[in-house]
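Nothing fancy with the numbering, it's 1 onward along the sequence.
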Amino acid sequence: MDESRLGSIAQLQAFLEGTLEVSFSAFADDQERYAHIASVVRRLGYTRLSRPDKGIVLRYLARTSGYSRAQLTRLLARVLEGQPLAKRYRVPAHAFARRYSPADVALLVSVDRAHGCLSGPATVHLLRRAWHVHGDARFERLAQLSPSHLYNLRKSGPYKAARVSLTKTRPVLNAIGQRRAPDPGGRVGFIRIDSVHQGDLDRIKGVYYVNAVDILTQWEVVACCERISEAFLLPVLEQLMAQFPFPIRGFHSDNGGEFVNRQVAALLGKLQAEQTKSRPRKSNDNALAESKNAAVVRKTFGYSHIPQRFAGLINTFCQEHLNTYVNLHRPCLFAKQVMDAKGKIRKTYPPELVQTPLEKLASLPDIDKQLRRGITVQLLQQQAVQVTDLQAAEQLNAARMALFATIEKRSRRLA
């Protein structure tokens with residue numbers, strides 16, 4: 001950039017007004033910028049300018065050099081004092097001497113590679129033995145290494161370049177269940193299941209809920225147990241699956257150990273039900289059960305701690321009141337899949353698809369063939385019309401209040 005013809009403040013002002021959106025990178029290094037600053041100061045007679053004109057010069061230098069206002073002020077002060085502009089920062093004359101050389105770091109890398117990167121004290125012991133016992137002269141300096149500074153050397157750039165290797169996270173391999181999304185294929189009996197914990201109190205666990213939802217009809221069964229273990233969970237699972245009006249054909253859960261274990265796999269094997277589990281980075285694989293956790297379980301029982309000894313009482317309440325209301329009287333939203341112009345499938349929830357699980361079950365073709373022996377849609381509908389939806393909700397709320405009153409009364413008695 002040839003700017004030597006800009007010899008007056010007016011020309012600088014016109015230049016700044018005409019290049020508001022222009023940035024310059026004409027200088028290859030700082031030395032060229034320094035020469036440019038010194039030439040502008042001499043050409044314009046910076047010391048004889050007024051204060052506003054000096055401000056214009058500073059704006060011009062900031063635009064052309066790329067330096068900040070504070071840095072230009074320091075450089076101008078050095079020019080006006082007659083000092084040459086040059087880089088003044090360099091390695092200090094009395095810098096801290098490095099005790100351990102790159103060769104020592106390379107030797108430490110070889111020791112860690114051979115022994116499998118032991119702990120700091122163990123590695124230091126090996127380094128001292130190499131010098132004092134075996135007489136290896138290469139370890140003379142490393143024999144004085146402390147365990148704390150050993151970790152500093154392991155964090156250094158040369159060590160990481162030679163030793164550190166990054167690997168991807170390896171998924172846990174478990175042969176129980178298939179890692180895929182369930183495919184009902186238009187059939188009922190494929191459930192998604194999840195566990196819900198009722199909170200801790202002074203490090204004491206509360207009750208656990210088991211929430212299972214049919215994928216096609218959203219028929220939901222909630223059960224309660226004291227603990228997530230074989231002795232408590234398996235009987236509740238058998239009771240839970242028996243409450244569905246249709247046999248269980250599929251069992252989908254997340255990767256928690258409460259459901260992915262040999263005991264549950266053996267139980268599902270007796271029922272001839274396939275077991276699937278959620279895939280990594282597929283957060284929607286078990287979203288149906290997790291959404292019901294908030295919409296049904298948490299709305300009914302809240303988040304406060306409930307002692308485990310009341311699990312049987314809560315399980316009876318779920319079986320006699322909650323599950324009946326949820327499946328016969330509580331409406332659910334069912335999705336309609338629509339493909340847009342780009343080929344992406346989007347889900348909508350039209351009003352005509354808002355149904356109770358029983359209504360959705362009755363709308364399926366040849367549904368009586370998929371139900372358990374002795375259960376028909378007509379029997380379920382007769383049970384549903386015995387009370388209105390409002391009466392069923394009021395009865396559920398009354399039973400829930402009675403349940404909480406009983407729990408509070410017994411807790412006070414035991415306290």
Chemist: Please tell me if the side chains of Phe301 and Leu322 come closer than 4.5 Å, counting only heavy atoms from C-beta onward.
Modeler: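 Yes - at least one pair of side-chain heavy atoms lies under 4.5 Å apart.
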Chemist: May I ask you to say whether Asp340 pairs ionically with Lys342, meaning some side-chain N is under 4.0 Å from a carboxylate O?
Modeler: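 Between Lys342 and Asp340 there is no salt bridge, as every charged N stays at least 4.0 Å from the carboxylate O atoms.
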Chemist: Counting only N and O atoms by type, is there a donor-acceptor contact under 3.5 Å from the side chain of Gln308 to the main-chain atoms of Glu226?
Modeler: yes
Chemist: Find the distance between CG (Asn261) and CG (Leu233) and round it off to the nearest 0.5 Å.
Modeler: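 Here the rounded value is 7.5 Å.
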Chemist: Checking Arg63 side chain against Tyr60 main chain: does a donor-acceptor pair fall under 3.5 Å?
Modeler: no
Chemist: Looking at every non-hydrogen atom in both residues, tell me the closest pair between Pro147 and Gly120 and how far apart they are.
Modeler: CB-C, 4.2 Å
Chemist: Only one of Arg99, Arg98, Arg141 clears side chain to side chain donor-acceptor pair (under 3.5 Å) with Asp104; which?
Modeler: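 Checked Arg99, Arg98, Arg141 against Asp104; only one passes side chain to side chain donor-acceptor pair (under 3.5 Å): Arg141.
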Chemist: Would you call Leu268 and Val264 a side-chain contact if the rule is heavy atoms closer than 4.5 Å?
Modeler: yes
Chemist: Applying the side chain to side chain contact (heavy atoms under 4.5 Å, CB included) criterion to Cys332, which one of Glu359, Lys360, Lys292 satisfies it?
Modeler: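 Exactly one pass, corresponding to Lys292.
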Chemist: Between Asn286 and Asp254, does the side chain to side chain donor-acceptor pair (under 3.5 Å) criterion hold? Intermediate values first, please.
Modeler: CA-CA 7 Å; Asn286 211 27; Asp254 55 19; 4.9 Å; no
Chemist: Please walk me through it: do Thr217 and Leu364 pass side-chain contact (heavy atoms from CB on, under 4.5 Å)?
Modeler: CA-CA 9 Å; Thr217 64; Leu364 299 178; 3.9 Å; yes
Chemist: Which residues pass the ring pair (Phe, Tyr, Trp, His ring centres under 6.0 Å) test with His321, not counting sequence neighbours?
Modeler: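 Expected list: Phe317.
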Chemist: Starting at CG of Leu237, measure out to CG of Leu271 and round the result to the nearest 0.5 Å.
Modeler: 10.0 Å
Chemist: What are the two closest heavy atoms between Arg410 and Leu313, and how far apart are they?
Modeler: NH1-CD2, 4.3 Å
Chemist: Would a 4.5 Å heavy-atom cut-off, applied to side chains only, mark Ser229 and Tyr208 as touching?
Modeler: no
Chemist: Kindly give the heavy-atom pair with the smallest separation between Phe334 and Leu216, and that separation in Å.
Modeler: CE2-O, 3.6 Å
Chemist: For Arg180, check salt bridge (Lys or Arg N to Asp or Glu O under 4.0 Å) against everything at least two apart and list the hits.
Modeler: Glu274
Chemist: Can you name the nearest heavy-atom pair linking Arg249 to Val188, along with the distance?
Modeler: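 What the structure gives for the nearest pair is NH1-O, 2.7 Å.
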Chemist: Give the minimum heavy-atom separation between Val326 and Glu220, together with the two atoms involved.
Modeler: CG1-OE1, 3.5 Å
Chemist: When rounded to the nearest 0.5 angstrom, what distance separates CG in Asn323 from CG in Leu328?
Modeler: 10.0 Å
Chemist: Hey, what do you get for NE2 (His305) to CD (Gln198), rounding to the nearest 0.5 Å?
Modeler: 9.0 Å
Chemist: Count the heavy atoms of every other residue, nucleotide or ligand shown that sit under 6.0 Å from CD of Gln272, and state whether that count exceeds 12.
Modeler: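 For Gln272, atom CD is not crowded (no more than 12 foreign heavy atoms under 6.0 Å).
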Chemist: Between Val210 and Phe259, is any pair of side-chain heavy atoms under 4.5 Å apart?
Modeler: yes
Chemist: Please identify each residue that fulfils side chain to side chain donor-acceptor pair (under 3.5 Å) with Ser304, with sequence neighbours left out.
Modeler: none
Chemist: Check the pair Leu107 / Tyr100 against side-chain contact (heavy atoms from CB on, under 4.5 Å), numbers first and verdict last.
Modeler: CA-CA 11 Å; Leu107 189 59; Tyr100 302 102; over 6 Å; no
Chemist: Would you indicate whether the side-chain heavy atoms of Pro331 and Gln218 approach each other to under 4.5 Å?
Modeler: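 No, every pair of side-chain atoms sits at 4.5 Å or beyond.
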Chemist: Are Asn315 and Gln239 linked by a side-chain donor-acceptor pair shorter than 3.5 Å?
Modeler: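 Note: Asn315 and Gln239 side chains meet the donor-acceptor criterion.
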Chemist: If you round to the nearest 0.5 Å, how far is CZ of Phe251 from CE of Met241?
Modeler: 6.0 Å
Chemist: Which heavy atom of Asp112 sits nearest to which heavy atom of Tyr159, and what is that distance?
Modeler: OD2-OH, 2.5 Å
Chemist: Who pairs with Glu290 by side chain to side chain donor-acceptor pair (under 3.5 Å), at least two apart in sequence or on another chain?
Modeler: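 For Glu290, no residue satisfies side chain to side chain donor-acceptor pair (under 3.5 Å) once neighbours in sequence are set aside.
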Chemist: Please determine, by modelled atom types, if Thr123 and Arg154 share a side-chain donor-acceptor pair under 3.5 angstrom.
Modeler: yes
Chemist: Arg262: what forms a side chain to side chain donor-acceptor pair (under 3.5 Å) with it, not counting sequence neighbours?
Modeler: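 Arg262 satisfies side chain to side chain donor-acceptor pair (under 3.5 Å) with no other residue.
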Chemist: Is there side-chain contact between Lys205 and Arg227, with heavy atoms separated by less than 4.5 Å?
Modeler: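 Lys205 vs Arg227: side chains apart.
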Chemist: Ring-plane angle category for Phe246 and Phe244, please: parallel below 30°, perpendicular beyond 60°, tilted otherwise.
Modeler: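 Phe246 vs Phe244 ring planes: tilted.
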Chemist: Does a side-chain heavy-atom distance below 4.5 Å link Lys54 with Val57?
Modeler: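 The answer is no, as the side chains (C-beta and beyond) never meet within the 4.5 Å cut-off.
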Chemist: Does some side-chain heavy atom of Arg179 sit less than 4.5 Å from a side-chain heavy atom of Asn255?
Modeler: yes
Chemist: Tell me whether Arg33 contacts the main-chain N or O of Ser65 through its side chain, where contact means a donor paired with an acceptor under 3.5 Å.
Modeler: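 Looks like yes, one N/O pair under 3.5 Å.
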Chemist: In Å and rounded to the nearest 0.5 Å, what is the CG to CG distance from Asn293 to Asn211?
Modeler: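 Reported to 0.5 Å precision, the distance equals 5.0 Å.
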Chemist: Determine whether Arg59 and Leu12 satisfy the following criterion, side-chain contact (heavy atoms from CB on, under 4.5 Å), listing intermediate values before the conclusion.
Modeler: CA-CA 9 Å; Arg59 287 174 52 200; Leu12 294 185; over 6 Å; no
Chemist: With His149, which residues qualify under side chain to side chain donor-acceptor pair (under 3.5 Å), at least two apart?
Modeler: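 By the side chain to side chain donor-acceptor pair (under 3.5 Å) rule, His149 matches Asn152.
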Chemist: Counting neighbours of NE2 on His197 that are heavy atoms of other residues, nucleotides or ligands and sit closer than 6.0 Å, is the number greater than 12?
Modeler: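 Buried by this count: over 12 neighbours within 6.0 Å.
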Chemist: Quick one: do Ser278 and His252 satisfy side-chain contact (heavy atoms from CB on, under 4.5 Å)? Show the steps, please.
Modeler: CA-CA 7 Å; Ser278 298; His252 182 85; 3.4 Å; yes
